[in-house]
Amino acid sequence: MGHEIVVVDYHKGNLLSVARSMSSVGAEVTISDDPRTISEAAGIILPGVGSFEDAMSYLRSSGEADAIVSSVRAGVPFLGICLGLQLPFDRGDESTTNAWGNGWVPGLGLLSGSVTRLKSDRLKVPHVGWDQLHLTAHGRECPLFVDVPEGSNVYFTHSYALSDDIDEDIVTTRTHYTRSFASSVWKDNIFGLQFHPEKSSATGLRILSNFLRFVRG
Amino acid sequence: MLTKRVIPCLDVKDGRVVKGVNFVNLVDAGDPVELATIYDREGADEVIFLDITATSDDRKTTIELASHAAAELRIPYTVGGGFRDIAGMRAMVAAGADKVSVNSAAVKNPELISLAAAAFGSQAVICAIDAKRQGKSDKWEVYLAGGRIATGIDALEWAREAARRGAGEILLTSMDRDGTKEGFDLALTRAVARAVPIPVIASGGVGTLEHFAEGIIEGEADAVLAASVFHFGIYSIRQVKEYMASQGIPVRLDF
């Protein structure tokens, strides 16, 4: 039996906001930690909770990572939120002491590039609060940002962001803080949002509704 | 640019919203999550639920409130009041609260802030400070129990320690101004904002639109909090934000 939207549970926090936001825009939502359920999803949402290393470790040992990667490679629409945007990339530097020794933790490897910490002497890290999305040319074409105007405010809470070694062509919005970082990306069936649409009021719901429309084709 | 925030505070007792004038003469103003949903639609940047009873019996009610809010609200929210230990805070975060605010328990055991920051991240930990001016001096003392118990602790010192221990924000209430509608204690707000490298939420005393803008411009706060002016419809959130924008303050108006 198929599932419309599966929100991937990796047991690090509360997924109710994401799930309820999706159902409020009309989706049939299942929260699941079962790789088989994830494999049957028409659309996958990977929410953002915890640290890069913890999340990757859980996703791998549970078999969720393999299920996500196979589905995404088969073309299933995927939406990563916050940490869930970061995990599809090659690597993250969330941890300095890990099994790989050099501070880098391997990600899902669906997209190329790394995730690095925001640093500033002047601005506060984590970057918490409502900040603006600046649409790129690619962003103006992105199905997720239909009816989302340039400069829209969305809610962020993060200490890490995509680095400049990612493919510039997939960047849909940029946000300027300690550095200008990619606050969202889109490549084929893969979408990622550094901010929290489920905490971004009406603008966030519009983005989630656009994702649902994309899933339904 | 990161916007300055407007935060309605909902004092909650037995699952219902109340707001005291100087913390007495409580008036019932409705269902907390329903009210918060209205504030979300009106453009509130986040909301704070403050459990003002917080005896052990009604923690279950407050956890239910946090869970209900997680399901219904589309903006971040904080639950504060009545935390005694890390387990209580963990239960609230597990129920879906984006942040927890701790006051008396942290004054009694500052380690609680360090533990909470390690467990949930600094962004999820607010240290609430109730401060009262000492005489006519520019010194403020930390008070507990809604202004009834003096601690002898200097408010600036305590704010610095809270930040050092990993608090992500300070929710600063002037006990002299709370409920007076005379405006924030701007000297207090500015002193704390300059003392710590984390955001300060100004609270206590808002009565006019000018007061909100003053809190940011003169008080140097990152966010302004109010309760009764919103609950009784004296100002809408939009009115406040439009006024702040007219004073050159970056605020979120696309809602």
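Values in this document were obtained by computation on a predicted structure and should not be read as measured data. First the proteins, then the strands, lettered A, B, ... as listed; each starts at 1. Values reported hereafter were calculated over all heavy atoms of this structure, with side chains retained and with hydrogens, waters and symmetry mates removed.
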Subject >> Per-residue contact mode, B/Ala223 against chain A (heavy atom under 4.5 angstrom) >> reply: neither
Original post:
Between B/Ala124, B/Pro197, B/Pro250, which has the largest tally of heavy atom pairs under 4.5 Å with chain A?
Top reply: B/Pro197
Subject >> Heavy-atom contact with chain A under 4.5 Å, split by part of B/Pro76 >> reply: both
Subject >> Region of B/Pro199 in contact with chain A, defined by heavy-atom distances below 4.5 Å >> reply: both
Once you leave out hydrogens and angles, what donor-acceptor pairs under 3.5 Å do chain B and chain A share?
| residue | atom | partner | partner atom | Å |
| --- | --- | --- | --- | --- |
| B/Met1 | N | A/Asp131 | OD1 | 3.1 |
| B/Met1 | N | A/Gln132 | OE1 | 2.4 |
| B/Met1 | O | A/Gln132 | NE2 | 2.9 |
| B/Thr3 | N | A/Trp130 | O | 3.0 |
| B/Thr3 | OG1 | A/Trp130 | O | 3.1 |
| B/Asp40 | OD1 | A/Ser201 | OG | 2.6 |
| B/Asp45 | O | A/Trp130 | NE1 | 2.8 |
| B/Ala70 | O | A/Ser17 | OG | 3.3 |
| B/Glu72 | OE2 | A/Arg20 | NH2 | 2.9 |
| B/Arg74 | O | A/Ser200 | N | 3.3 |
| B/Arg74 | O | A/Ser201 | N | 2.8 |
| B/Arg74 | NE | A/Ser21 | OG | 3.2 |
| B/Ala94 | O | A/Asn14 | ND2 | 2.8 |
| B/Ala95 | O | A/Asn14 | ND2 | 3.2 |
| B/Asp98 | OD1 | A/Lys199 | NZ | 3.4 |
| B/Asp98 | OD2 | A/Lys199 | NZ | 2.8 |
| B/Asp254 | OD1 | A/Asn153 | ND2 | 2.9 |
| B/Asp254 | OD2 | A/Asn153 | N | 2.8 |

Original post:
Picking from B/Gly96, B/Ala69, B/Ala44, which has the most non-hydrogen pairs under 4.5 angstrom with chain A?
Top reply: B/Gly96
Original post:
Which region of B/Ala94, side chain (C-beta onward) or backbone (N, CA, C, O), has a non-hydrogen atom less than 4.5 Å from a non-hydrogen atom of chain A, or is it both or neither?
Top reply: backbone
Original post:
Side chain, backbone, both or neither: which part of A/Leu15 has a non-hydrogen atom closer than 4.5 Å to chain B?
Top reply: neither
Subject >> Heavy atoms from other residues, nucleotides or ligands near CD of B/Glu34 exceed 12 (cutoff 6.0 Å) >> reply: no
